[in-house]
Amino acid sequence: MNFDFSGNPVFSGLNEEKYNTVISLPSPCYVIDEARIEENAVVLRDIADRCGAKILLAQKAFSNYAAYGLLSKYLDGTEASGLYEARLGYEEMPGKECHVFCAAYRSDDFNEILKYADHIVFNSPNQLKKFGALAKKSGKSIGLRVNPECSTQDCGIYDPCAPKSRLGTTRSMWDRLMTNELISMLDGIHFHTLCEQNSDALKVTLERTEELFGEFLRNLKWINFGGGHHITRRGYDIDTLCRCVKHVSDKYGVTVYIEPGEAVALNAGYLVTEVLDTFETGSTAVAIVDMSAACHTPDVLEMPYKPPLLGAAPDDTKNFSYRLGCPTCLAGDILGDYSFDNRLCVGDKLLLGDMAIYSTCKNNTFNGMKLPEIYMLKKNGEAQRIASFGYNDFKCRLGG
């Protein structure tokens, strides 16, 4: 096949030689593009140097630690959503900052978290009251997540500012529950309200956060702008991001943290899959592939979205249209409807793009589906297998 890789930002990390290497790998498999990871990291490092922000990897989006050695050259550390991510960041990015936020900490987990995290963010005044003194005594930097109640997106499942949100302390909660003793424990505040958004949404959110919580910032050491910043996407407004960082750091004398996840590994991964069967049902042509949206790319169904597919159109504009289905028993386990220049045949390999984020860190073995192997596409064009899985990876999760 002949593809114009440069014309598509999702696949622009490929050339003909790299494509041939990737498509020849066993199916299904994930492929992480080392060169694209570094390109994203360079952009993030340049922004940090330009505006003085500290940038962390949000491991919830990308936690393939084989890339952490490379990322540690450019980033300031990791952000975790719980005990195991905190330990992973501590062990695999040694010497870097390790931040953790959780909506509620378990007492038995918290003592172990203290071994790994240097910044601990609480979700509510109740959690701060329960664990804050212990964390402070252990020498940790303490933060509280706030909810500025400022929605800038339409997708409710990803909107921490949606009505009845469980994430973050609103100003009314602060006024009711934050005593002087609790306020004195704080080194910083944290907000996270964005999802795949540009810096105009950050500007709106920041203005609202200042309006509600600005009076407390002068007595703090840091503020964390959270994640959801699509910094490495083409067209992202870096100037506005830097102005937001400089404004807050200059006005309040605080260090600004940003913790992107997707931006670190955006367009830096692929998933190879093979056509197992084709048939027609009514007027619809169906192709069954050997990977599962439900198991291997769950965000496709949860968000939902249609993943980019090299050489295919996401509509019926090409000659042959197919519904790409998956092998599990879930009726809705479908990648989506695509069209192709040529008919699909059993044995054809297809390449999904932007598969480094929210894929390997969210996959599962529903129906006993085997987890795909993971490869690192090195900068020299060679593919190195970094993980493989088998029956025991399915069985050990279920008892025994």
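Along the sequence shown, residues carry numbers from 1.
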Partners of [X] by ring pair (Phe, Tyr, Trp, His ring centres under 6.0 Å), sequence neighbours excluded?
{"X": "Y105", "answer": "F110, F122"}
{"X": "F225", "answer": "F191"}
{"X": "Y252", "answer": "none"}
{"X": "Y74", "answer": "none"}

Would you mind listing every salt bridge (Lys or Arg N to Asp or Glu O under 4.0 Å) that reaches into residues 117-144, with sequence neighbours excluded?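 Qualifying pairs, neighbours excluded: K136-D187.
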Pairwise salt bridge (Lys or Arg N to Asp or Glu O under 4.0 Å) hits with a residue in residues 369-383, at least two apart: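 Those involving residues 369-383 are E34-K378, E38-K379, E373-R385.
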Each residue besides V346 in its hydrophobic cluster should be listed here, by chain and number; the cluster joins Ile, Leu, Val, Met, Phe, Trp and Tyr at side-chain heavy-atom distances under 4.5 Å.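 Besides V346, the cluster holds no residue at all.
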Taking ILVMFWY side chains as joined if any heavy atoms are under 4.5 angstrom apart, and letting links pass through other members, which residues group with Y257?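 Hydrophobic cluster check, Y257: joined to L56, F101, V121, L167, W222.
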Do [X] and [Y] make a side-chain contact, defined as non-hydrogen atoms from C-beta onward lying under 4.5 Å apart?
{"X": "L371", "Y": "F394", "answer": "no"}
{"X": "K349", "Y": "S27", "answer": "yes"}
{"X": "L186", "Y": "L128", "answer": "yes"}
{"X": "Q127", "Y": "N123", "answer": "no"}
{"X": "H190", "Y": "H99", "answer": "no"}
{"X": "L310", "Y": "Y270", "answer": "no"}
{"X": "V272", "Y": "Y375", "answer": "no"}
{"X": "T240", "Y": "L202", "answer": "no"}

Would you say the side-chain atoms of [X] and [Y] include a donor-acceptor pair closer than 3.5 Å?
{"X": "Y30", "Y": "N64", "value": "no"}
{"X": "H247", "Y": "E210", "value": "yes"}
{"X": "N126", "Y": "S124", "value": "no"}

Does the distance from a Lys or Arg side-chain N to an Asp or Glu carboxylate O, for D49 and R45, drop under 4.0 Å?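 Answer for the salt bridge query: yes.
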Does a salt bridge link E215 with R171, judged by any charged N lying under 4.0 Å from a carboxylate O?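 The answer is yes: the pair qualifies as a salt bridge.
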Has [X] got a side-chain atom pairing as donor or acceptor with [Y]'s backbone, closer than 3.5 angstrom?
{"X": "S165", "Y": "P160", "result": "yes"}
{"X": "N40", "Y": "L266", "result": "yes"}
{"X": "E79", "Y": "E259", "result": "no"}
{"X": "D333", "Y": "A294", "result": "yes"}
{"X": "R218", "Y": "K251", "result": "yes"}
{"X": "T21", "Y": "E17", "result": "yes"}
{"X": "N111", "Y": "D108", "result": "no"}
{"X": "D76", "Y": "I55", "result": "yes"}
{"X": "N367", "Y": "M369", "result": "no"}
{"X": "T232", "Y": "A263", "result": "yes"}

Please lay out, stage by stage, how F62 and I37 fare under the test side chain to side chain contact (heavy atoms under 4.5 Å, CB included). CA-CA 11 Å; F62 179 77; I37 292 284; 3.9 Å; yes
So F216 and F213, would you call those rings parallel, tilted or perpendicular, with 30° and 60° as cut-offs?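 The arrangement is tilted - the two ring planes meet at 30° to 60°.
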In terms of the angle between their ring planes, are Y68 and Y65 parallel, tilted or perpendicular, with boundaries placed at 30° and 60°?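 Plane angle over 60°, so perpendicular.
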Considering residues, nucleotides and ligands other than [X], do more than 12 of their heavy atoms fall under 6.0 Å from its [atom1]?
{"X": "R50", "atom1": "CZ", "answer": "yes"}
{"X": "D154", "atom1": "CG", "answer": "no"}
{"X": "K203", "atom1": "NZ", "answer": "no"}
{"X": "K246", "atom1": "NZ", "answer": "no"}
{"X": "Y84", "atom1": "OH", "answer": "no"}
{"X": "E91", "atom1": "CD", "answer": "yes"}
{"X": "Y391", "atom1": "OH", "answer": "no"}

Can you measure from [atom1] ([X]) to [atom2] ([Y]) and round to the nearest 0.5 angstrom?
{"X": "N363", "Y": "H296", "atom1": "CG", "atom2": "NE2", "result": "6.5 Å"}
{"X": "H192", "Y": "I258", "atom1": "NE2", "atom2": "CD1", "result": "13.0 Å"}
{"X": "D393", "Y": "S388", "atom1": "CG", "atom2": "OG", "result": "8.0 Å"}

Heavy-atom closest pair, residues [X] and [Y]:
{"X": "T328", "Y": "C295", "answer": "CG2-SG, 4.2 Å"}
{"X": "I120", "Y": "A135", "answer": "CD1-CB, 4.3 Å"}
{"X": "G82", "Y": "V100", "answer": "N-CG2, 3.8 Å"}
{"X": "L194", "Y": "Q153", "answer": "C-NE2, 3.8 Å"}
{"X": "V275", "Y": "L350", "answer": "CG2-CD1, 4.2 Å"}

Kindly determine whether L352 and L335 satisfy side chain to side chain contact (heavy atoms under 4.5 Å, CB included), including the steps that lead there. CA-CA 10 Å; L352 298 171; L335 284 174; 4.2 Å; yes
In sequence, state the C-alpha distance, the side-chain angles, and the governing distance for L14 and L377, and then conclude on side chain to side chain contact (heavy atoms under 4.5 Å, CB included). CA-CA 10 Å; L14 295 175; L377 181 63; 4.3 Å; yes
Going by the rule side-chain contact (heavy atoms from CB on, under 4.5 Å), which residues pair with N219 if we only count those two or more places apart in sequence or in a different chain?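 With neighbours one apart ignored, the set is empty.
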Give the intermediate values and the outcome of side chain to side chain contact (heavy atoms under 4.5 Å, CB included) for residues V264 and L75. CA-CA 10 Å; V264 174; L75 304 183; 4.3 Å; yes
Partner set under side-chain hydrogen bond (donor to acceptor under 3.5 Å, both in side chains) for S339, not counting sequence neighbours: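 Applying side-chain hydrogen bond (donor to acceptor under 3.5 Å, both in side chains) to S339 gives none.
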Identify, with sequence neighbours excluded, every residue that meets side-chain hydrogen bond (donor to acceptor under 3.5 Å, both in side chains) alongside R36.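 Result, side-chain hydrogen bond (donor to acceptor under 3.5 Å, both in side chains) vs R36: S12, E39.
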Can you pull out every side-chain hydrogen bond (donor to acceptor under 3.5 Å, both in side chains) where at least one residue sits in residues 273-285? Sequence neighbours excluded, please.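 Every side-chain hydrogen bond (donor to acceptor under 3.5 Å, both in side chains) pair that includes a residue of residues 273-285, provided the two are not neighbours, is T273-D290.
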According to a hydrophobic-cluster definition based on side-chain heavy atoms being under 4.5 Å apart (Ile, Leu, Val, Met, Phe, Trp, Tyr only), do L241 and V254 belong together?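 They do share one cluster, since a chain of ILVMFWY contacts under 4.5 Å joins L241 to V254.
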